[in-house]
Amino acid sequence: MPIASTTPTPLGRTLITGGASGLGLAVADAVAAAGGTPIVVDLAVEGSAYTAYQGDVTDTRGVEALVARIAEEQGGLDAVVTAAGIDKPGRLDEIPGDVWERVVAVNLLGTVAVVRAALPALYETHGRVVTVSSSLGVRAVSDATAYSASKFGVIGFSRALAAETRGQIGVTTLIPAGMKTRFFDGRTAQYAPGEDADLNDPANVAAAVVFALQSPRGSEIREISVMHEAEPSWP
């Protein structure tokens, strides 16, 4: 039986959705620091320090075409990280249907569309995908039906994709908990973390993403959970 290499995989052209802010930007910074080439896709990309493309992942056919164009213009892709994500907490009977569905569209359908479009390029490079779920993708709580549905879905999608593409590309599911980003901006006090909340630094989570992307060829990190040591939503 062949033994997996112990040589880290070099980082290359890494497409990052949601890469203009929050976790996505932290991943872009970490990829660049490790010698890779971040390629950002986000709703607003003005002022990005990296090669950036404006795109809305909820426009699934449009983002598929965009990813195909990016792969062509960049001469291929070595990795994809699907960090675009939103939430709208509230009870199911209080959230308008279009708002509920947009959460699922960004977090799950957008993830699928981007990965599907990137597959031809990733097959060519034996590349890697890191999908982003959440601690609420393994532990459900009240007032989070849209978010949990989408993040549970990301885990199911990623596990099936890993089985479907084993030996051809790498697939890792990232399961982070709360981070110090603008993700919680605009929330009412009921749903916002307190000033003393134990939130992780997104740079720490991004470091875990780079670790997975650099895993030696033949060795795959299928799932990785990263959170503050005092995180209350785990396990």
Side-chain angles (χ1 to χ4, degrees), residues 15-28 40-44 54-64 66-67 79-92 94-119 129-162 171-179 181-187 191-193 199-200 202 205-206 208-209 212 223-227 233-234:
L15 188 154
I16 306 158
T17 65
S21 64
L23 174 61
L25 177 56
V27 170
V40 169
V41 173
D42 212 320
L43 283 172
Q54 192 279 329
D56 182 350
V57 298
T58 65
D59 177 9
T60 49
R61 300 294 81 77
V63 80
E64 285 174 356
L66 175 62
V67 171
V80 170
V81 180
T82 59
I86 63 169
D87 186 20
K88 180 62 176 178
R91 296 184 61 83
L92 179 59
E94 296 173 350
I95 298 178
D98 60 336
V99 175
W100 196 98
E101 290 169 8
R102 182 169 176 78
V103 173
V104 176
V106 171
N107 298 348
L108 177 58
L109 301 185
T111 290
V112 175
V114 168
V115 173
R116 177 168 45 227
L119 280 178
V129 173
V130 176
T131 59
V132 179
S133 182
S134 167
S135 60
L136 295 189
V138 293
R139 178 181 183 269
V141 298
S142 179
D143 296 22
T145 55
Y147 193 71
S148 282
S150 65
K151 294 301 187 176
F152 269 81
V154 167
I155 290 177
F157 164 71
S158 304
R159 289 179 178 177
L161 181 68
V171 179
T172 298
T173 309
L174 175 69
I175 304 173
M179 292 171 278
T181 69
R182 297 182 61 188
F183 185 77
F184 301 107
D185 286 4
R187 292 193 180 193
Y191 298 118
L199 300 175
N200 207 358
V205 183
V209 172
E223 295 182 2
I224 186 167
S225 301
V226 188
M227 57 204 64
S233 71
W234 185 272

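The structure presented is a predicted model; accordingly, all values stated were derived computationally and were not measured.
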How long is the straight-line distance from [atom2] of [Y] back to [atom1] of [X], given to the nearest 0.5 Å?
{"X": "Leu136", "Y": "Thr145", "atom1": "CG", "atom2": "OG1", "result": "11.5 Å"}
{"X": "Phe157", "Y": "Leu109", "atom1": "CZ", "atom2": "CG", "result": "10.5 Å"}
{"X": "Leu43", "Y": "Asp56", "atom1": "CG", "atom2": "CG", "result": "5.0 Å"}
{"X": "Glu64", "Y": "Leu66", "atom1": "CD", "atom2": "CG", "result": "11.0 Å"}
{"X": "Ile175", "Y": "Thr131", "atom1": "CD1", "atom2": "OG1", "result": "8.5 Å"}

Nearest heavy atoms of [X] and [Y], plus distance in Å:
{"X": "Gly24", "Y": "Ile16", "value": "O-CG2, 3.7 Å"}
{"X": "Trp100", "Y": "Ala149", "value": "CH2-CB, 4.2 Å"}
{"X": "Ser134", "Y": "Lys151", "value": "CB-CG, 3.8 Å"}
{"X": "Ser148", "Y": "Ala140", "value": "OG-CA, 4.0 Å"}
{"X": "Thr58", "Y": "Ala105", "value": "CG2-CB, 3.9 Å"}
{"X": "Ala177", "Y": "Met227", "value": "CB-CB, 3.5 Å"}

Is it true that a side-chain atom of [X] and a backbone atom of [Y] form a donor plus acceptor pair closer than 3.5 Å?
{"X": "Thr17", "Y": "Ala84", "result": "yes"}
{"X": "Ser150", "Y": "Tyr147", "result": "yes"}
{"X": "Gln54", "Y": "Ala44", "result": "no"}
{"X": "Thr173", "Y": "Glu223", "result": "no"}
{"X": "Asn107", "Y": "Ile86", "result": "yes"}

Output, in order, the C-alpha distance, side-chain angles, deciding distance and verdict of side chain to side chain contact (heavy atoms under 4.5 Å, CB included) for Val114 and Leu15. CA-CA 9 Å; Val114 168; Leu15 188 154; 4.2 Å; yes
A side-chain contact here means heavy atoms from C-beta on lying under 4.5 Å apart; do [X] and [Y] qualify?
{"X": "Val115", "Y": "Val171", "answer": "no"}
{"X": "Val154", "Y": "Val132", "answer": "no"}
{"X": "Val103", "Y": "Lys88", "answer": "yes"}

Considering residues at least two apart in sequence or located in another chain, which fulfil the side-chain hydrogen bond (donor to acceptor under 3.5 Å, both in side chains) criterion with Arg139?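 Arg139 satisfies side-chain hydrogen bond (donor to acceptor under 3.5 Å, both in side chains) with no other residue.
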